[in-house]
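Structure, as C-alpha cells:
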Number of protein chains: 2
Amino acid sequence: MPDQRPHGDNAEARAIASALRDAIHSGEYTPGDKLPSERVLATTYHGARNTARAAIQELIQEGLVRPEHGRGYFVRERPRWMRFGRLRYTTPMRAVTRHGPFGAEARAQGKTPRVEVRSAERIPAEAHVAERLGIEPGTDVVRRENWYYADEIPMQVGITYIPWSIAQGTALAKAENLGKRSLYGRLEDLGYTIANIREEVTARPATREEAEGLDLPAGVPMIDLWHTGMTADKHPFEVTNFCMRADYSALDYDMPVEY
Amino acid sequence: MPDQRPHGDNAEARAIASALRDAIHSGEYTPGDKLPSERVLATTYHGARNTARAAIQELIQEGLVRPEHGRGYFVRERPRWMRFGRLRYTTPMRAVTRHGPFGAEARAQGKTPRVEVRSAERIPAEAHVAERLGIEPGTDVVRRENWYYADEIPMQVGITYIPWSIAQGTALAKAENLGKRSLYGRLEDLGYTIANIREEVTARPATREEAEGLDLPAGVPMIDLWHTGMTADKHPFEVTNFCMRADYSALDYDMPVEY
DNA sequence: TTGCGCAACTGGCTCAAGCCAGTCTATGGT
DNA sequence: ACCATAGACTGGCTTGAGCCAGTTGCGCAA
C-alpha cells in the first residue's frame, strides 16, 4: 500500500530535479555525461522510481537532458550552429552556393546540406498567405514544401508560396530541385529581384507532427518564421513559412533603424 | 497488483493525447473550453488515472492545454499580441510614449505597460557582452535589469549593458526609471543616436528560474534576443539581452536586403 | 578465435491506490 | 437575508509494483 508520508512542503520530484540541475550547472556533470539511472536516483533520494523519473522529465523539458533508451540519461550539448539573417538573401551570397540560403549557411558551418522538395502544387491562397502576398484570398498560388537537412539531420521545413501568375509555366511550379541559383535566382530571372524582406518571428512548442517528422527530442521548441520577399518598391512576390528546430537554429539580423 | 495487459502496440497515453488533440483541432473543444477530468478520461479510456494524466501533460507541453488546480484542464487561447521590430527604435515612435519601445507596443495593443528597474550596477563585462560592444572583456559596464509587464502580466526581462565610459555620471547608471524619453532618448542626449541595430534571435525552453519569476505556465518557450544598438557608423554603444515569453511575443522585422 | 546467447543493466510505460490542496455549490444555521 | 461549512468535485503528487524493449558485456560453445 502507498506509504504516503505527509509530503512536507515542496514536491520531492522538484527537489531531485533541482539537485541534478545544480549538479549540471556547477559542472559536476558536463555535456555528454551520463546521469545516474532512474533506479539509482530513486534509492539515493529514498523515493519511488516514478518520482525520480518525473524529476528527469522536468530536466528533459528544460532541454538540459537527453534520454537514450537502454543506455541512460545524458547531459545535452547545445550546438546552435545554424544562423540565418539578412545576408543570406544578398546576391554575392547566392552566387557562391548551389543550394540557396540554407546551403550557404550549412557549408559555412562545415555541414553537408541537402534540400528535399517534397511537393509543389497549385492551391488557392489561405488568408495568412494572401494577406502577406497582397492578393485576394483564394487566388491561386504555388505551394512548395521543402525539407532542409544538415548532415542528414532534419533542420527545418520551409513552405513557400508564390502567386500562380508568376510561377505559371516555370520550374517554380514543378516539384524538383531548382539547382544552382535556387529559388531567388529563378525569381530574379522572371524580373522579381528580392530587395526588401519582412520576417515575422515567433516561437512555440513543437507539434506532435513536427516532433515525429523532424525526429525531434522532447523539449525542443520551434522557431516559426514568416518570411516575405519584396521587390525594391516593396511589392511582395514570395512568402515562406519556415519552421526550424530552435536548438540548432538562430536568426541574425542587422538593419538600419530607418531606411 | 498491476494488471498489465500486454500493452498492444502504441502507448496508451499517446492514444488518449491524440484523441484529445484531434478533438481540439476539429473544434470539438474551443479555446477556453474545459476538458474532461483526469478521472473521467481514465474511465472512458479504460486506463489508469496516471495514464490519462500523462496524456494531458503531453498536450500541456505542446501548449494546447492549460491546467487550473481544483477546476480542470482548459484549452489554451493563444494571444500573441506583443510584436516587436525595427520600428520600435525610430524617433517618431519614441516620441509618443513615456515608456520606450515596450510601452509603445503595449499601448498599441490596448494594454497597460509597466517597467520595473530591478537594478543598475557597475560590473566588468562578460565575454558575450564585451564582444558585442566591441570592448575588452573585463572593461566596466553598467548592467541594468528591467522587467516589463503588460496588464501586470510579466512579459519579458531585458538586461541592458552600456559601457561605463558612456553611462558614468548620468541617469543611466542609476536604478531608476528613465522617464519620458527612455533609454534611447538619454543616449541620444549623450550623442549616441541609434541608427543601426543587430538582433540575434534564438528560442529555448524556459529555465526553472524564468518559469518561477515570470509565472510561466508549463510548455511556454522563451525567445532569447540579443540586441545591439549602433550609431550611424556602426559603432555599438548598447547591448540588451531580452528574454520574452514566446506565447505572447512576436518579432516583426522589415529591412532592405542590402544597404 | 569467433560468435552466439544469456544475464544484467538501461529507459518506456502502465497500473491501482491514496493523500493533499484548491474550487465550487448546496444546505442549513444564524 | 446572510454567511459559514460540508461534501463533491477538480488537479498535484507520491508510492511501489511489474512488464516491455533497447543496450552492453561476459562467458561459453563451436
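Remember, predicted model here, so these are calculated numbers, not experimental data.
In this structure, Trp226(A) and Tyr161(A) have parallel ring planes: the angle between them is below the 30° cut-off, well short of the 60° mark. Aromatic ring orientation, Phe84(B) versus Phe102(B): parallel (interplanar angle below 30°, classes split at 30° and 60°). Ring pair Tyr253(B)/Tyr253(A) is tilted by interplanar angle, where 30° to 60° counts as tilted.
Between His46(A) atom NE2 and dC13(D) atom P there is a gap of 22 Å when expressed in whole angstrom units. Protein atom CZ of Arg66(B) is 12 Å distant from nucleotide atom P of dG12(D), rounded to whole Å. Protein atom CG of Asn50(B) is 9 Å distant from nucleotide atom C1' of dC13(D), rounded to whole Å. Following rounding to the nearest Å, Glu12(B) (CD) and dG18(D) (P) show an atom-to-atom distance of 21 Å.
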Restricting to nitrogen or oxygen on both sides, can you table the protein-nucleotides 3-10 of chain C pairs closer than 3.5 Å?
| from | atom 1 | to | atom 2 | distance (Å) |
| --- | --- | --- | --- | --- |
| dT10(C) | OP1 | Ser37(A) | OG | 3.0 |

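Remark: Val117(A) engages Arg144(A), Asn146(A), Ala175(A), Asn177(A) in a side chain to side chain contact (heavy atoms under 4.5 Å, CB included) (not counting sequence neighbours). Annotation: side chain to side chain contact (heavy atoms under 4.5 Å, CB included) contacts of Pro205(B) (sequence neighbours excluded): Pro221(A).
With distances taken from any side-chain atom of Gln57(B) to the nucleotides dG12(C), dA16(C), dG12(D), the minimum falls on dG12(D). Which of dG11(D), dT15(D), dG11(C) sits closest to the side chain of Arg53(A) comes down to dG11(C).
Put simply, CZ on Arg204(B) and CD on Glu210(B) are 4.0 Å apart, with the number rounded to the nearest 0.5 Å.
Residue Arg49(B) places no side-chain N or O under 4.0 Å from the OP1 or OP2 atom of dG18(C).
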